[in-house]
Amino acid sequence: AWGEALASLYHLGALDEEGLLTRLGRKIAEFPLDPPMAKVLIASVDMQCADEILTVVSMLTAQNIFFRPKEKQHQADQARAKFLQPEGDHMTLLA
């Protein structure tokens, strides 16, 4: 498990060849997120899409935002349908 975690951090660019934190790794460590999510958020600034990515990361780290009580499932499904995007779930979160 440790080896896989270190390899993952290395591939993200958070660790160097010696296993030390890189500049990017220090930035990643500042976020209360899983490292891949933190890296995506950091990269989004350079790609000028930070607002959209912040929304997606927030939605992915939260529980399901679409409440679906058993006694009102049909109504809940109809309400959710207003937000569904044919491009997929991530686009639905942005809608």
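These numbers were taken from a predicted model, which means no experiment stands behind them. Just so it is clear, the values below take in all heavy atoms, side chains as well, and ignore hydrogens, waters and symmetry mates.
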S.K.: Answer yes if Leu54 and Met59 sit in the same cluster of Ile, Leu, Val, Met, Phe, Trp and Tyr residues linked by side chain heavy atoms under 4.5 Å apart, and no otherwise.
M.R.: yes

S.K.: Give the cluster check for Leu24 versus Leu6: same hydrophobic cluster or not, with ILVMFWY residues linked at side-chain heavy-atom distances below 4.5 Å.
M.R.: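 No: no chain of side-chain contacts under 4.5 Å links Leu24 to Leu6.
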
S.K.: Show which side-chain atoms of residues 25-53 pair as donor or acceptor with protein atoms under 3.5 Å away, not counting sequence neighbours.
M.R.:
| residue | atom | partner | partner atom | Å |
| --- | --- | --- | --- | --- |
| Arg26 | NH1 | Leu21 | O | 3.2 |
| Lys39 | NZ | Leu12 | O | 2.7 |
| Ser44 | OG | Leu41 | O | 2.6 |

S.K.: Any donor and acceptor pair, going by atom type alone, linking the side chain of Ser8 with main-chain N or O of Glu4 inside 3.5 Å?
M.R.: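 No.
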
S.K.: To the nearest 0.5 Å, what is the distance between CG (Leu60) and OG1 (Thr55)?
M.R.: 10.5 Å

S.K.: Got a sec, which pairs hit side chain to side chain donor-acceptor pair (under 3.5 Å) with one end in residues 66-88, sequence neighbours left out?
M.R.: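 Pairs touching residues 66-88 that pass the test: Arg68-Asp77, His74-Gln78.
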
